[in-house]
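Working notes for the structure below.
Naming convention: chains lettered A, B, ... in sequence-line order (proteins, then strands); numbering from 1 in each chain.
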Number of protein chains: 2
Amino acid sequence: MTRTHRLFQLMQTLRSLPAPVTASALVNETGVSLRTIYRDIDALRGLGAVIDGEAGFGYTLIEDATLPPLAFADDELEALVLGLREVTVIGDPALAEAANSALAKLKARLPARQTHRLQHAVLDARRFGRPPEPGIDVRALRAATWDEATISFHYEDAKGAVSRRQVDPLSIVYMQNAHMLMAWCHLRSDFRAFRLDRMRDLGLTGAHFRPRRVPMLRDFMERLRAQAVERAKDRALQG
Amino acid sequence: MTRTHRLFQLMQTLRSLPAPVTASALVNETGVSLRTIYRDIDALRGLGAVIDGEAGFGYTLIEDATLPPLAFADDELEALVLGLREVTVIGDPALAEAANSALAKLKARLPARQTHRLQHAVLDARRFGRPPEPGIDVRALRAATWDEATISFHYEDAKGAVSRRQVDPLSIVYMQNAHMLMAWCHLRSDFRAFRLDRMRDLGLTGAHFRPRRVPMLRDFMERLRAQAVERAKDRALQG
DNA sequence: GGTGTTCCTGACAGAAACTGGCAGTACCCC
DNA sequence: GGGGTACTGCCAGTTTCTGTCAGGAACACC
């Protein structure tokens, strides 16, 4: 292994292992001496990486400057931050956590000039009130949707009547006041939208509809668009 | 310059110059011999870069395998996509454009496995209706806020009365039904929130309040938080 | 203060890698 | 064929790297 190879390997290790990473862990991984690891860390620093090293603690990769930075324009960055802030206020704690985590990863890959902009972004998202709490585990629903797995649940409609449904979940849509599951409903043999707060007892059926989610979703969206156009026409006739 | 340094430099050059890049151009850039450049290209290939080299033509970087791809977990990716989709429906066309552009840039830096997930994300954002149209150029407002430049505008309050304001803009906040400018108002010598749809005739005053935006915004947020706590206490006393 | 853990740096001799120059090969295009 | 360009092996001299050893510093904990 050439030294250059090893330096690349060290960067990978510092990126992927949880901090702090000790020099002796790097010795075990590379097979070189402790003194060489210290030299290598120095070389990586010379290449622009910002690596924090505290005696008795270990190394932390602060800035990965050996990489070309992500090149976002300022307004793209503001859009990213605002978007992730929107997700944190949307009312889904697991998604909020993912959004914060994504934001931290972006931060690690931005040039220093833009880190400030990310931390003190001009745009912010706020909500008063919350949409009603989902009656099911949304993370499980997301996974099932992505896996194109048919699900079952109990659904309470606007009048309070409860029915058992089997659906092919296509998309989860976030609107101002409700979070909706767009799906193909086996009971109605048609597309239906379900409010997440009215769903209970989510389960997997064991059946799959892969690989049809994307075209089905496209059909459903087409349907909704056509209905919106119809409704606009009806309004024009009456107006 | 160490060899490792030079290898990094060569990668930067291959990324940034239009293909094809000749070996002699690389000689000119690095000051080493042609023979050494051939060796370096070989070394970069050994590190995983896919570099096409045609006699009489030059080098083309096909795959930049020396870079780790952006490493987002699946739910982080869904959060990013949902967030950017939220921004596209928020009612600000310039921001929507920036969001789409940011999405394209993310896509270019994801591993192939995740590109599919980004294109056919499970989560989506929708709005019925729109918040009222801003009465000013929001892009100019964003720039002024970032620049910490005092602005002036006419403001129509809820009763229809119009006043001229000079403010230090601190943040633009997006809520369900209104977009607000959080600012320090010179007329009232106090923090105020202004609805963007009630603002007219945005202008720069030439004055700046840099570098005070971040601490002022912190104070304003603290104020709002304290007021919310007060309001909750009042409700508890009455309830 | 003492102990343990860990980062840090300089010096040295020997080992390893690198370099430029040279020679020869191959491919594409005019 | 000639020009432009990528490619590879060889060699002597140069440069860099390595492990060992020694010494120092910082932090946490008892």
Could you give the start and end, 5' to 3', of the contact zone on DNA chain C for chain A, using atoms under 4.0 Å from its heavy atoms? C/dT5 to C/dA11
Without decimals, in angstroms, what is the distance between [X] [atom1] and [N] [atom2]?
{"X": "B/F57", "N": "D/dG4", "atom1": "CZ", "atom2": "P", "value": "17 Å"}
{"X": "A/D42", "N": "D/dC17", "atom1": "CG", "atom2": "C1'", "value": "14 Å"}
{"X": "A/H5", "N": "D/dC17", "atom1": "NE2", "atom2": "P", "value": "17 Å"}
{"X": "B/R39", "N": "D/dC11", "atom1": "CZ", "atom2": "C1'", "value": "11 Å"}
{"X": "B/L14", "N": "D/dA6", "atom1": "CG", "atom2": "C1'", "value": "14 Å"}
{"X": "A/D40", "N": "D/dT16", "atom1": "CG", "atom2": "P", "value": "16 Å"}

Any chance you could lay out the side chain to side chain donor-acceptor pair (under 3.5 Å) test for B/Q9 and B/T30, step after step, and finish with the verdict? CA-CA 8 Å; B/Q9 188 185 349; B/T30 56; over 6 Å; no
Whether [X] side chain and [Y] backbone form a donor-acceptor pair below 3.5 Å:
{"X": "B/E148", "Y": "B/R213", "result": "yes"}
{"X": "A/E78", "Y": "A/V122", "result": "yes"}
{"X": "A/T145", "Y": "A/L170", "result": "no"}
{"X": "A/R3", "Y": "B/T4", "result": "no"}

Considering heavy-atom distances to DNA chain D, does B/S24 or A/I37 have its closest nucleotide positioned more toward the 5' end? B/S24
Using heavy-atom distances to pick each residue's nearest nucleotide on DNA chain D, tell me which of B/T22 and A/L34 is more 5'.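 Counting from the 5' end, the first nearest nucleotide belongs to B/T22.
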B/R45 vs D/dC7: side-chain N/O to OP1/OP2 distance below 4.0 Å: yes
Are any of A/R3's side-chain N or O atoms less than 4.0 Å away from OP1 or OP2 of D/dT18?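 Checking D/dT18 against A/R3, a side-chain N or O does come within under 4.0 Å of OP1 or OP2.
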Examine A/Y59 together with A/Y38 and report whether their ring centres are nearer than 6.0 Å.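 Aromatic pair excluded; centres sit 6.0 Å or further apart.
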Return the 5'-most residue of the pair B/S33, A/D52 with respect to DNA chain C, ranking by each residue's nearest nucleotide. A/D52
Does B/V32 or A/E54 map to a spot on DNA chain C nearer the 5' end, using the closest nucleotide for each? A/E54
Side chain of [X] - closest among [options]:
{"X": "B/I41", "options": "D/dA26, D/dC7, D/dG19", "result": "D/dC7"}
{"X": "B/Y59", "options": "D/dA6, D/dT8, D/dG19", "result": "D/dA6"}
{"X": "B/R35", "options": "D/dG9, D/dA26, D/dG19", "result": "D/dG9"}

Under 4.5 Å between any side-chain heavy atoms of B/L47 and B/M11, yes or no?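 Not touching, per the 4.5 Å side-chain cut-off.
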